[in-house]
Engineer: 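Got a structure for you, written out below as structure tokens; questions coming shortly.
Side chains are part of it too, since the values below use all heavy atoms of this structure and drop only hydrogens, waters and symmetry mates. One-based numbering, in listed order, for ligands and for the atoms of each.
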Amino acid sequence: MCAAVYVLSTVTGYVLTSALLLKCPTLLHRRKRETFLSRHISHRGGAGENLENTMAAFQHAVDLGTDMLELDCHLTKDDQVVVSHDANLRRSTGINAYISDLAYAELPPYNCKLEVTFQRECFCEGGEDKRIPLLRDVFDAFPNTPVNIDIKVNNDTLIRKVSELVAKYDREHLTVWGNSSNQVVKKCYKENPRIPVLFSLPRVLQLLGLFYTGLLPFVPLKEQFLEIPMPSIITKLLMRKALFNHLTDRGIQVYIWVLNDEEDFQRAFDLGATGVMTDFPTRLKEFMDRNGISKIQ
Ligand SMILES: *[C@@H]1O[C@H](CO)[C@@H](O)[C@H](O)[C@H]1NC(C)=O
Ligand SMILES: *[C@@H]1O[C@H](CO)[C@@H](O)[C@H](O)[C@H]1NC(C)=O
């Protein structure tokens, strides 16, 4: 009897503490300092409005007032960090070659038309700019725009070079980097812990486990950004406003990708996401303007 009461009160105490800390996380954790906040994020620079990952796309997005550019990095044979999505160039240029097998000067231009990965049966017709840019070009052109860097290969030289560029351009406070692989994220964090990292996929699953068992409020987190794919059924079922609020109260931003229509924009902001990543920056901008979703800052 006594033991039962003890267990019951302990469990009740745990549940209450967990609930309290879920709502007021700063009682236990120091809030991470956000050096920027992004609501409007242009996926590959806005792959639905310009050729993905080109300077023309990034310029268009920045002119629109995007809060952040999302882009992907690879390493060429001559160790240049380039901004491009696939390891192989066939889809984007028609040439069946790997970026890692070519020197920067040998990279072919993009096709005139590219399929938009996250929009069914949609092709984007580009303008003049078909060049695969260097990461350095992006940093030179947009010194004040936050950038989300996906490290596309598990390659130590790539990670070191990106870190060096970010440090050289004094952009540690304007950068987040990572990959779905936990190994890559660990390497990034080890290479330069001053650059904030994303949750890798295994860490997202761990985060959900902690949340649903009530343990999350007690656990310290090193990541500063949660990026989750929303159109998938699983994330729709698992993601909760209470989780997003808890994370954002701890200074961890929540970005949802890749959303291209208004219904999805609305749902993401209703759920308490910090920002939305889109292939159509103009569409998202108009939606935000019309619905009074202001820029933060
Ligand atoms: C990293 O990439 C460079 C350039 O493509 C290549 O020479 C090197 O072998 C790669 N390193 C690893 C560990 O894969
Ligand atoms: C993570 O890296 C792997 C290769 O290590 C790559 O295939 C994948 O596209 C990357 N994912 C992201 C989200 O950058």
Side-chain angles (χ1 to χ4, degrees), residues 38 41-47 52-53 57 68-93 95-108 114-118 132-136 138 146-166 175-192 195-207 223-232 234-235 253-260 273 275-279:
S38 308
I41 305 155
S42 299
H43 178 244
R44 305 183 195 170
E52 62 181 51
N53 283 322
M68 173 181 253
L69 300 172
E70 188 270 354
L71 52 79
D72 309 285
C73 280
H74 282 277
L75 198 63
T76 58
K77 196 176 175 182
D78 54 344
D79 281 355
Q80 302 286 320
V81 180
V82 293
V83 179
S84 198
H85 186 272
D86 306 352
N88 186 291
L89 291 160
R90 188 144 66 135
R91 172 189 67 97
S92 58
T93 71
I95 309 281
N96 184 11
Y98 286 88
I99 292 179
S100 57
D101 289 337
L102 300 177
Y104 182 63
E106 296 171 324
L107 293 181
L114 291 181
E115 190 164 20
V116 183
T117 311
F118 290 93
I132 296 178
L134 294 164
L135 182 60
R136 163 155 64 76
V138 179
V147 172
N148 177 121
I149 301 174
D150 280 3
I151 299 291
K152 284 290 167 190
V153 252
N154 184 357
N155 180 302
D156 297 0
T157 312
L158 174 63
I159 292 169
R160 181 170 45 82
K161 292 250 166 192
V162 170
S163 167
E164 284 170 3
L165 278 168
V166 169
T175 305
V176 48
W177 63 345
N179 179 280
S180 47
S181 132
N182 202 30
Q183 214 190 350
V184 173
V185 173
K186 277 187 181 159
K187 282 184 185 177
C188 289
Y189 192 72
K190 197 165 160 222
E191 181 68 36
N192 187 346
I195 308 177
V197 289
L198 298 165
F199 281 89
S200 65
L201 183 57
R203 290 280 294 156
V204 173
L205 300 179
Q206 207 179 354
L207 181 76
E223 294 88 346
Q224 254 175 280
F225 293 83
L226 174 67
E227 295 187 359
I228 39 175
M230 200 55 161
S232 106
I234 297 183
T235 49
Q253 299 185 50
V254 179
Y255 298 158
I256 314 231
W257 58 272
V258 172
L259 306 184
N260 289 332
V276 163
M277 215 176 267
T278 187
D279 288 319

Engineer: If only atom types and distance count, is the side chain of H74 paired as donor or acceptor with the main-chain N or O of H85 below 3.5 Å?
Structural biologist: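 At least one qualifying donor-acceptor pair exists.
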Engineer: Pair N96, N88 - check side chain to side chain donor-acceptor pair (under 3.5 Å), show working.
Structural biologist: CA-CA 7 Å; N96 184 11; N88 186 291; 3.0 Å; yes
Engineer: For D150, take its heavy atoms, then give the atoms of ligand 2 lying under 4.0 Å from any of them.
Structural biologist: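 Close to D150: 13 (C), 14 (O).
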Engineer: Could you list, one pair per line, each nitrogen or oxygen of ligand 1 together with any protein nitrogen or oxygen closer than 3.5 Å, giving atom names and the distance rounded to 0.1 Å?
Structural biologist:
residue	atom	partner	partner atom	Å
ligand 1	2 (O)	N155	ND2	2.3
ligand 1	11 (N)	N155	ND2	2.9
ligand 1	14 (O)	N155	ND2	3.4

Engineer: Can you check whether S181 has an N/O within less than 3.5 Å of an N/O in ligand 2?
Structural biologist: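 N/O-N/O distance under 3.5 Å: no.
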Engineer: Do you see a donor-acceptor pair shorter than 3.5 Å between the side chains of N53 and S84?
Structural biologist: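 Result is no, nothing qualifies.
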Engineer: Please tell me whether E106 and Y104 have a donor and an acceptor in their side chains that are separated by less than 3.5 angstrom.
Structural biologist: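 Short answer, no.
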Engineer: Hey, would you say the F225 and F199 ring centroids sit under 6.0 Å apart?
Structural biologist: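 For F225 and F199, the ring centres are not under 6.0 Å apart.
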Engineer: Measure the shortest side-chain to side-chain distance between L135 and K161 over non-hydrogen atoms and say whether it is less than 4.5 angstrom.
Structural biologist: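 They are not in side-chain contact.
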Engineer: Between E70 and R44, is there a donor-acceptor pair closer than 3.5 Å when you use the side chain of the first and the backbone of the second?
Structural biologist: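 Yes, E70 side chain to R44 backbone: donor-acceptor pair under 3.5 Å.
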